[in-house]
Amino acid sequence: MTLRLFDTYARAVRDFEPLDPSEVRMYACGPTVYDYAHIGNLRTYVFEDILRRVLEFNGYQVRHVMNITDVGHLVSDADTGEDKMELGARRAGKSAWEIADYYTQEFRQDLNRLNILEPTIWCKATDHIPEQIEMIRCIEAKGFTYRTSDGIYFDTSHLADYGHLARLDTSGLRAGARVDKGEKRNPTDFALWKFSPPDQKRQMEWDSPWGIGFPGWHIECSAMSAKYLGTFFDIHCGGEDHVPVHHTNEIAQTEACHGTRLANFWMHGHFLLFEQAKMAKSAGDFLRTQTLIDRGYDPLAYRYFCLGAHYRAKLSFTWEALDAAATALQRLRTTAHDWGQPGKANLTYVNRFKGQINKDLNMPRALAVVWELVKDDLSPSIKKATLLQFDRVLGLRLAEWQPEEAVIPREIMALVEEREKARSAKQWKDADELRERVRQAGYEIEDTPKGPKIKVAKQERF
RNA sequence: GGCGGCGUACCCAAGUGGUUAAGGGAGAGGUCUGCAAAACCUCGAUGCAGCGGUUCGAAUCCGCUCGCCGCCUCCA
């Protein structure tokens with residue numbers, strides 16, 4: 001069964017064939033660690049995680065590289081703004097290095113909460129300054145650079161097919177219409193190396209053949225991916241917003257230096273919408289995994305929610321939809337738990353599931369197969385084993401889930417016992433009154449053949 | 001202004017030319033229960049923003065209209 005993936009470069013779904021049969025090499029653009037990640041950012045990492053798991057499900061070994069951008073990402077892409085790291089540091093009254101460490105750890109916690117597998121290799125931009133300088137020298141030697149008063153720039157007019165990934169119509173771009181072009185020769189030119197301001201000592205700066213300064217944003221990905229994956233690898237992915245600038249420029253740099261378009265497949269996750277607009281850090285509502293936890297949600301409910309939509313479609317976040325996901329996930333967990341020990345997986349179902357995930361990661365359809373399995377009258381042990389196979393891709397931690405043993409306060413237990421006495425005496429009115437008192441205290445009584453079960457009442461969320 | 005995309009039931013969302021328009025949640029009815037809850041069963045869009053067109057056949061292709069969003073500014 002062939003794995004088919006959408007390639008932004010070709011604007012088409014293509015059969016996936018690894019360049020090297022022994023290992024699939026993928027690079028995913030990581031975070032700029034100057035602030036927390038919001039759940040919109042994290043949707044893209046969920047998509048990349050699914051991609052990786054689907055590759056592994058297909059039997060490939062995956063070398064997954066992710067960068068940490070801890071320098072050089074300017075506030076404005078006109079290459080004129082302040083470095084986000086320096087800005088974040090000043091705002092927090094800490095050093096840029098401390099800020100980077102802090103938000104890197106927070107990001108890794110987010111990944112863990114969403115059961116996103118960590119990359120095989122993490123790489124920080126600041127750990128690879130020599131590699132970046134070397135690549136800029138390479139680009140310079142091939143004649144693609146020029147110098148301005150504030151840095152070394154890439155001359156995009158030297159590349160005949162610059163912007164192909166984004167289908168950029170460079171002649172139609174209105175130079176300087178919204179952004180001051182500065183000393184740039186072409187509106188699409190971008191900085192490879194920025195000089196430190198002459199009157200100012202930056203926290204992050206390095207010596208280079210061109211002067212003291214720091215690398216531009218795009219060069220780190222080209223340089224580090226070349227180091228860890230080679231100059232032409234299988235898949236490069238990121239958010240859809242990276243298509244027109246960041247990935248376009250990565251390709252330009254690599255084409256100039258190595259003569260390849262960097263990756264065989266370019267894949268992009270689409271935005272999460274919140275109140276009909278893309279979730280943005282600038283807008284007030286900035287939801288994080290911690291926000292969800294504070295509201296009483298398991299972060300994996302958000303993961304399940306993401307699986308309900310195709311990665312190449314915008315997804316509207318609503319609390320009602322997250323509730324739906326949380327409920328569905330909980331049902332899946334309890335049902336699977338009740339199935340007991342896994343036996344042998346059902347191959348027909350596994351193949352149907354695989355058919356969906358291999359169709360450009362059609363997770364909504366894959367979930368439909370999941371629910372069909374749940375309702376099927378196969379034996380519980382077969383269903384359990386089959387579902388656990390699915391979970392290698394779904395990543396919902398279904399195998400390790402256990403019903404929560406809530407700690408019930410003694411006074412609540414006393415009320416429950418009292419109610420049991422009333423019930424055995426068939427004093428229904430008293431029993432119902434006691435149930436109500438327990439509910440007022442925030443607990444629900446569920447009568448089962450084995451006696452009453454007490455749970456923490458579901459929170460009202462609105 | 002230019003370019004790209006979207007509009008499917010109460011909510012989220014598959015489906016992109018051909019059997020009865022996936023799935024989840026909510027809701028309604030039912031089974032069970034002293035009552036509830038949970039669970040299970042059943043139901044749910046004769047229609048896919050609107051209007052035209054192409055076709056034996058369209059949610060799916062084309063045109064127009066309306067509404068929304070993204071990119072061209074930092075951005076997952």
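Note on naming: letters A, B, ... go to the chains in the order of the sequence lines (proteins, then strands), and numbering restarts at 1 for each one. As the structure is a prediction and not an experimental result, all values here were calculated from the model.
- One atom, CZ of A:Phe6, and another, C1' of B:rG5, lie 12 Å apart when rounded to the nearest Å.
- Atom pair A:Arg437:CZ and B:rA36:C1' shows a separation of 18 Å (rounding to whole Å applied).
- Nucleic acid contact class of A:Ala321 (heavy atoms, under 4.0 Å, all strands): sugar-phosphate only.
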Would you tabulate the nitrogen or oxygen pairs shorter than 3.5 Å linking the protein to nucleotides 14-17 of chain B?
from	atom 1	to	atom 2	distance (Å)
B:rA14	OP1	A:His310	N	2.8
B:rA14	O2'	A:Arg365	NE	3.0
B:rA14	N3	A:Arg365	NH2	3.3
B:rG15	OP1	A:Asn362	ND2	3.4

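- Across the protein-nucleic acid pair, A:Met363 atom CE and B:rC12 atom C1' stand 16 Å apart, rounded to whole Å.
- Taking a pair to require two hydrogen-bonding distances under 3.5 Å in either a Watson-Crick or a G-U wobble arrangement, B:rA14 remains unpaired.
- With rounding to whole Å, A:Trp339 atom CH2 is found 10 Å from B:rC40 atom P.
- One finds no side-chain N or O of A:Thr448 lying less than 4.0 angstrom from the OP1 or OP2 phosphate oxygen of B:rA37.
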Provide a list of protein-nucleic acid N or O atom pairs under 3.5 angstrom, restricted to nucleotides 31-34 of chain B.
from	atom 1	to	atom 2	distance (Å)
B:rG34	O6	A:Arg419	NH2	3.1
B:rG34	O6	A:Arg423	NE	3.3
B:rG34	N1	A:Asp432	OD1	2.9
B:rG34	N2	A:Asp432	OD1	3.0
B:rG34	N2	A:Asp432	OD2	2.6

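- Aromatic rings of A:His38 and A:Phe274 (six-membered ring for Trp) have centroids beyond the 6.0 Å cut-off, not under it.
- Separation of the A:Tyr36 and A:Tyr103 ring centroids falls under the 6.0 Å cut-off.
- The pair A:Asp155-A:Arg185 meets the salt-bridge criterion, with a side-chain N (NZ, NE, NH1 or NH2) lying under 4.0 Å from an Asp/Glu carboxylate O.
- With a cut-off of 3.5 Å on both pairing distances, the Watson-Crick or G-U wobble partner of B:rA28 is B:rU42.
- A:Glu446 comes within contact range of at least one nucleobase, with a heavy-atom separation under 4.0 Å.
- A:Arg437 and A:Glu411 are not joined by a salt bridge, as no carboxylate oxygen comes within less than 4.0 angstrom of a charged side-chain nitrogen.
- Across all strands shown, B:rC3 forms a Watson-Crick or G-U wobble pair, both distances under 3.5 Å, with B:rG70.
- The base-pairing partner of B:rA59, taking Watson-Crick or G-U wobble contacts with both distances under 3.5 Å, does not exist among the strands shown.
- Remark: P of B:rA13 and NE2 of A:His270 are 14 Å apart, rounded to the nearest angstrom.
- Each of B:rA22, B:rC11, B:rC71 was ranked by its minimum atom distance to the side chain of A:Ala368; first place goes to B:rA22.
- Between B:rA14 and B:rC51, the distance separating the two P atoms is 25 Å to the nearest Å.
- In this structure B:rU20 sits in no base pair that meets the Watson-Crick or G-U test at under 3.5 Å.
- Between A:Phe305 and A:Phe317, the distance from one ring center to the other falls under 6.0 angstrom.
- B:rC71 and B:rU55 have their C1' atoms separated by 36 Å, given to the nearest Å.
- Annotation: side chain to side chain donor-acceptor pair (under 3.5 Å) contacts of A:Asp360 (sequence neighbours excluded): A:Tyr311, A:Arg312.
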Given side chain to side chain contact (heavy atoms under 4.5 Å, CB included), test A:Leu3 with A:Leu55 step by step and report yes or no. CA-CA 8 Å; A:Leu3 172 59; A:Leu55 287 164; 3.7 Å; yes
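- The residue A:Lys359 sits apart from the nucleic acid: no heavy atom pair falls under 4.0 Å.
- Distance from the side chain of A:Ala277 is smallest to B:rC69 among B:rC71, B:rG24, B:rC69.
- At a threshold of 4.0 angstrom between heavy atoms, the contacts of A:Leu272 include nucleobase atoms, whether or not backbone atoms are also involved.
- Counting to the nearest Å, the P atom of B:rC69 and the CD atom of A:Glu240 are 15 Å from each other.
- For B:rA49, the paired nucleotide is B:rU65, the pair qualifying as Watson-Crick or G-U wobble because both relevant distances are below 3.5 Å.
- Around CD of A:Glu436, the count of heavy atoms belonging to other residues, nucleotides or ligands within 6.0 Å exceeds 12.
- For A:Asp298 and A:Arg333, the salt-bridge test passes: some basic side-chain N is under 4.0 Å from an acidic carboxylate O.
- Judged by Watson-Crick or G-U wobble contacts below 3.5 Å, the nucleotide B:rG34 has no partner.
- Residue A:Leu315 is in sugar-phosphate contact alone, with no base atom involved, counting any heavy-atom pair closer than 4.0 Å across all strands shown.
- Rounded to a whole Å, the OH atom of A:Tyr162 is 12 Å from the P atom of B:rC72.
- Rounded to the nearest 0.5 Å, atoms CG (A:Leu42) and CG (A:Asp49) are 11.5 Å apart.
- Mapping A:Phe305 and A:Leu367 onto RNA chain B by nearest heavy atom places A:Phe305 closer to the 5' end of the strand.
- Nucleotides B:rC41 and B:rG5 have their P atoms positioned 42 Å apart, rounded to a whole Å.
- Cation-pi geometry between A:Arg63 and A:Tyr228 is not met: the NZ or CZ atom fails to fall both under 6.0 Å from the ring centre and inside 45° of the normal.
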